[in-house]
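Below you'll find the structure, written out as structure tokens, and then a few comments.
Residue numbering restarts at 1 for every chain, and letters A, B, ... go by the order of the sequence lines.
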There are 2 protein chains.
Amino acid sequence: MARIREFDTDQAVDRAMDLFWRRGYAETSLQDLLKELSIGSGSFYAAFGSKEQLYIRSLDRYISLQGGDLETTLGETPGIRPAVRRVLTSMIEADLADPTRGCLVVNTATECGDQPLAADRVNTAIRQVESSLAGALERAQARGEISPEKNPGELARFLTTFIQGIRIVGGARVGREFIEDALSTAMRVLD
Amino acid sequence: MARIREFDTDQAVDRAMDLFWRRGYAETSLQDLLKELSIGSGSFYAAFGSKEQLYIRSLDRYISLQGGDLETTLGETPGIRPAVRRVLTSMIEADLADPTRGCLVVNTATECGDQPLAADRVNTAIRQVESSLAGALERAQARGEISPEKNPGELARFLTTFIQGIRIVGGARVGREFIEDALSTAMRVLD
DNA sequence: CCCTTTCTGGATTGATCAATACATAATTAA
DNA sequence: TTAATTATGTATTGATCAATCCAGAAAGGG
């Protein structure tokens, strides 16, 4: 019926996500995207509509991937304390390994905070982290790993907030010791 | 000897700081700045050199103002717990009142993370917050308000990290309850 | 008064921006 | 083979970007 698209759209979103993640929305030009995706602008606009639409799509992809990773780590690591610690340390390691990247959700929150579509995604992502943590903490409490006096929801909201702080400080080159001190102190709220 | 400048440079930096704070670096155009400062481009470049240089100068001004506020609050509020709580709640109130603003240091960390001059300022600002908090916690420990077993430096690094998280979550419109749960949980590390 | 110096702001620069137009190529149904 | 449809990439659009140029204005020294 018609000509077939020569590139894989989902793969292109992944590549765009990576570029936006590294450089931010404003600093990623359309030419940068076209070069990274190896397509022309005609194909670009036919497939994605606009730079902004592709950004939102990349952000959705990021949130989906990160949400899956979080659920997997919390679900597969025995013991709530090792599980939470693993979640936090994996972020710290990522930040220390590449301080320019950070978290795409956090980057979006500060760079695109007044764009409604982007702000909605940020809100959704944060609630998703809260929900995953709250679920894991509730299950741990049922298993007796956490004192019955604790409120899993409150703990989850605390950890979610702390995680956002990790993403900022982790990119600020303050040294591993700084963040590990913060981490070990934060872990004490579970006791 | 020569014509005198018709505008107040320091006041112009304050106005520029406010604009960068609200809109970010990339989203603030030179025309926006000229309009806000009510000067022409000739005067602008004679006085400030470039948009980037003015941004750095605005950032330095912001860090100086915020650092002074922090020292004042910590120094004048009796009791370390009320003092820390006041520091955190004042940030929360500011974030809830104007979610688009946030913290200029945090915004810079994510938007200009790979610009060396800006990254240095972010690093300095975070260490400054850590230092102020550590000092207040040490004094409180000497007064007996905090257990001698605690490490004031570790607590300061935790609180500094948590504060950065507050600035992100505070702008994400998750509701006051979310952040207040996080806050009350965070305060327990001082016990 | 004139001279020197600096400030001022509008005009202009060249670059780059996101997005569109369009001719051509590829694909399938008829 | 033809017609219909969609993809592709280049050229081009108008807007906007940060920064420079420059002619005139304002100030103080002589």
Close N/O contacts between protein and nucleotides 10-13 of chain C (under 3.5 Å):
{"residue": "dG10(C)", "atom": "O6", "partner": "Ser41(B)", "partner atom": "OG", "Å": "3.0"}
{"residue": "dA11(C)", "atom": "N6", "partner": "Ser41(B)", "partner atom": "OG", "Å": "3.3"}

Within the sub-3.5 Å range, which N or O atoms of nucleotides 28-30 of chain D have a protein N or O partner, and how far apart are they?
{"residue": "dG28(D)", "atom": "O4'", "partner": "Met1(B)", "partner atom": "N", "Å": "2.2"}

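- Side-chain nitrogen and oxygen atoms of Arg3(B) include none within less than 4.0 Å of the OP1 or OP2 phosphate oxygen of dA25(D).
- A heavy-atom distance below 4.0 Å to DNA chain D is reached by these residues of residues 24-33 of chain B, ordered by number: Thr28(B), Ser29(B), Leu30(B).
- Annotation for Glu36(B): atom CD counts as buried by contact number, over 12 foreign heavy atoms lying within 6.0 Å.
- The list of salt bridge (Lys or Arg N to Asp or Glu O under 4.0 Å) pairs with a residue in residues 160-171 of chain A, not counting sequence neighbours, reads Asp95(A)-Arg167(A).
- When the shell of 6.0 Å around CZ of Arg22(A) is examined, it contains more than 12 heavy atoms from other residues, nucleotides or ligands.
- To the nearest 0.5 angstrom, Leu33(B) atom CG is 12.0 Å from Ser41(B) atom OG.
- Sorted by residue number, the list of members of residues 109-119 of chain A with any non-hydrogen atom under 4.0 Å from DNA chain D is empty.
- For the residue pair Ile179(B) and Gly170(B), the shortest heavy atom distance occurs at CD1-CA, 3.5 Å.
- Classified by interplanar angle (parallel below 30°, tilted 30° to 60°, perpendicular above 60°), the ring pair Phe162(A)/Phe158(B) is parallel.
- Distance Lys35(A) NZ to dT16(C) P: 13 Å, rounded to the nearest Å.
- Minimum heavy-atom separation, Ser132(B) to Leu70(B): CB-CD2, 3.7 Å.
- A salt bridge between Asp191(B) and Arg81(B) is present, with a side-chain N of the basic residue lying under 4.0 Å from a carboxylate O of the acidic one.
- For the atom pair CD of Glu154(A) and CD of Glu130(A), the computed distance is 11.0 Å after rounding to the nearest 0.5 Å.
- Nucleic acid contact class of Leu34(B) (heavy atoms, under 4.0 Å, all strands): none.
- With a 6.0 Å cutoff to the six-membered ring centre and a 45° limit on the axis angle, Lys51(A) counts as a cation-pi contact of Tyr25(A).
- Side-chain polar atoms of Thr72(A) and Asp69(A) form no donor-acceptor pair below 3.5 angstrom.
- Going from atom CG of Leu183(A) over to atom OG1 of Thr161(B) covers 9.5 Å, rounded to the nearest 0.5 Å.
- Using a 4.0 Å cut-off between charged nitrogen and carboxylate oxygen, Glu138(B) and Lys150(B) do not count as a salt-bridge pair.
- Across residues 45-55 of chain A, Tyr45(A), Ser50(A), Lys51(A) each have a non-hydrogen atom less than 4.0 Å from an atom of DNA chain C (numbered order).
- Using a 4.0 Å cut-off between charged nitrogen and carboxylate oxygen, Asp18(B) and Arg61(B) do not count as a salt-bridge pair.
- Distance CZ (Phe44(A)) to C1' (dG9(D)): 15 Å, rounded to an integer number of Å.
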